[in-house]
Amino acid sequence: MIRECLEDDFEAIYEIINDAAQAYRGIIPPDRWHDPYMPREELREEISAGVAFLGYEKEGELAGVMGTQDVQDVTLIRHAYVRTAHRNQGIGGELLGQIMDGATRPVLIGTWADAFWAIRFYERHGFKVVSPGEKERLLRKYWSVPDRQIVTSVVLAA
């Protein structure tokens, strides 16, 4: 079942993000990795900045989450993660499908350039990697990330 996440889901969201982000260990640049991948304070800041999470509940537990954030004239997909134990079961696709079904503005996704599995996932769902010049323009316009992250990221558009 897909549902909006509530304040009471904070710890589950935190656990899902940090469990699933282990896939990035050794993939993303070491200077961009930290443990935990997303500290509680950072997650609180993201939610305060307008990131709203949908959750996929399975057997009474959140198995995956996907956040969205409306920024200017676009919607950003933020923090899309599925618990390691529930990967490859279609959960991410269902969450993304629900978001896309309700989208009323262009949707953009940023991810790590070396996260080939994430890029393939979004491409299978109709997204395309934008050119390097467009990536830099979009990351500077809609995200607040350091230059180092701009170099090591890609942006996909629906």
Side-chain angles (χ1 to χ4, degrees), residues 1-7 9-10 12-14 16-18 20-21 23-24 27-29 31-34 36-57 62-83 87 90-158:
M1 167 180 85
I2 295 176
R3 64 174 178 80
E4 290 181 18
C5 291
L6 307 171
E7 194 173 314
D9 294 315
F10 181 86
I13 294 167
Y14 169 80
I16 291 167
I17 289 171
N18 287 296
Y24 294 109
I27 301 297
I28 65 171
D31 62 309
R32 302 305 309 148
W33 175 265
H34 44 276
Y37 182 71
M38 181 177 286
R40 282 180 179 85
E41 303 78 41
E42 184 178 340
L43 178 57
R44 281 188 185 91
E45 288 171 10
E46 292 288 292
I47 293 168
S48 292
V51 175
F53 285 93
L54 280 183
Y56 186 100
E57 194 172 297
L62 281 179
V65 294
M66 192 170 289
T68 59
Q69 183 180 28
D70 290 337
V71 177
Q72 298 176 39
D73 56 342
V74 301
T75 296
L76 305 178
I77 300 287
R78 305 289 312 277
H79 315 303
Y81 294 99
V82 174
R83 287 187 196 268
R87 284 201 185 127
I91 292 170
E94 287 193 42
L95 285 165
L96 183 59
Q98 178 133 343
I99 289 169
M100 294 308 295
D101 286 349
T104 59
R105 37 170 85 202
V107 177
L108 300 173
I109 300 165
T111 193
W112 300 102
D114 288 341
F116 60 88
W117 67 90
I119 295 167
R120 274 198 321 253
F121 167 80
Y122 293 118
E123 288 176 333
R124 282 195 313 266
H125 289 88
F127 286 79
K128 299 209 180 319
V129 175
V130 303
S131 71
E134 182 69 352
K135 168 197 81 167
E136 184 168 343
R137 185 187 75 77
L138 293 170
L139 285 170
R140 291 189 187 286
K141 182 173 182 177
Y142 297 114
W143 280 269
S144 296
V145 294
D147 287 345
R148 175 74 169 125
Q149 194 163 336
I150 290 172
V151 170
T152 57
S153 295
V154 296
V155 172
L156 298 99

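All values below were derived from every heavy atom in this structure, side-chain atoms included, with hydrogens, water molecules and symmetry-related copies excluded.
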Can you name the residues that form a side chain to side chain donor-acceptor pair (under 3.5 Å) with [X], not counting sequence neighbours?
X: T68; result: none
X: E136; result: R140
X: E57; result: R3
X: D70; result: T75

With the side chain counted from C-beta on, respond yes when [X] and [Y] share a heavy-atom pair under 4.5 Å apart, and no when they do not.
X: V151; Y: D147; answer: no
X: V107; Y: M100; answer: yes
X: Y122; Y: I77; answer: yes
X: I28; Y: T152; answer: no
X: I27; Y: W33; answer: no
X: W112; Y: Q149; answer: yes
X: Y142; Y: L76; answer: yes
X: I16; Y: Y56; answer: no

>> With a 4.0 Å cut-off on N to O distance, would you call E123 and R120 a salt bridge?
In response: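 No salt bridge links E123 with R120.
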Taking all heavy atoms of [X] and all of [Y], pick out the closest pair and write down the distance.
X: Q69; Y: A49; result: NE2-O, 2.9 Å
X: G55; Y: L95; result: C-CD2, 3.9 Å
X: F127; Y: A158; result: CD2-N, 3.3 Å
X: G110; Y: W143; result: N-CZ2, 3.6 Å
X: D73; Y: P106; result: O-CD, 3.5 Å
X: L54; Y: C5; result: C-SG, 3.7 Å

Atom [atom1] of [X] and atom [atom2] of [Y]: how far apart are they, to the nearest 0.5 Å?
X: N18; Y: R40; atom1: CG; atom2: CZ; result: 8.5 Å
X: I109; Y: H125; atom1: CD1; atom2: NE2; result: 10.0 Å
X: L43; Y: I17; atom1: CG; atom2: CD1; result: 5.0 Å
X: I99; Y: E94; atom1: CD1; atom2: CD; result: 12.0 Å

>> Just to verify, what does R148 make a salt bridge (charged side-chain N to carboxylate O under 4.0 Å, His left out) with, not counting sequence neighbours?
In response: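 Applying salt bridge (charged side-chain N to carboxylate O under 4.0 Å, His left out) to R148 gives D31.
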> Counting distance only, does the side-chain N/O of R87 pair as donor-acceptor with the main-chain N or O of A20 below 3.5 Å?
Replying inline: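 Judged by distance alone, yes, a pair lies under 3.5 Å.
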> Do the side chain of Q72 and the main chain of K141 share a donor and acceptor less than 3.5 angstrom apart?
Replying inline: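 Yes, the answer is positive, given that a donor and an acceptor are paired below the 3.5 Å cut-off.
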>> Under 6.0 Å between ring centres: does that hold for W117 and F121?
In response: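 Between F121 and W117, which both carry aromatic rings, the centre distance is not below 6.0 Å.
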>> Quick check on E4: does its CD atom have over 12 non-hydrogen neighbours (other residues, nucleotides or ligands) under 6.0 Å away?
In response: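 No, the 6.0 Å shell around CD holds no more than 12 heavy atoms from other groups.
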> Could you walk me through whether Y24 and R32 pass the side-chain contact (heavy atoms from CB on, under 4.5 Å) check?
Replying inline: CA-CA 10 Å; Y24 294 109; R32 302 305 309 148; over 6 Å; no
> Are F53 and L62 close enough, and set up right, to give a side-chain contact (heavy atoms from CB on, under 4.5 Å), and what steps lead you there?
Replying inline: CA-CA 11 Å; F53 285 93; L62 281 179; over 6 Å; no
>> The test is side-chain contact (heavy atoms from CB on, under 4.5 Å); show your working for M66 and L96 and say whether it passes.
In response: CA-CA 7 Å; M66 192 170 289; L96 183 59; 4.0 Å; yes
>> Considering only residues two or more places apart or on different chains, which pairs with a residue in residues 96-106 satisfy side chain to side chain donor-acceptor pair (under 3.5 Å)?
In response: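 For residues 96-106: none.
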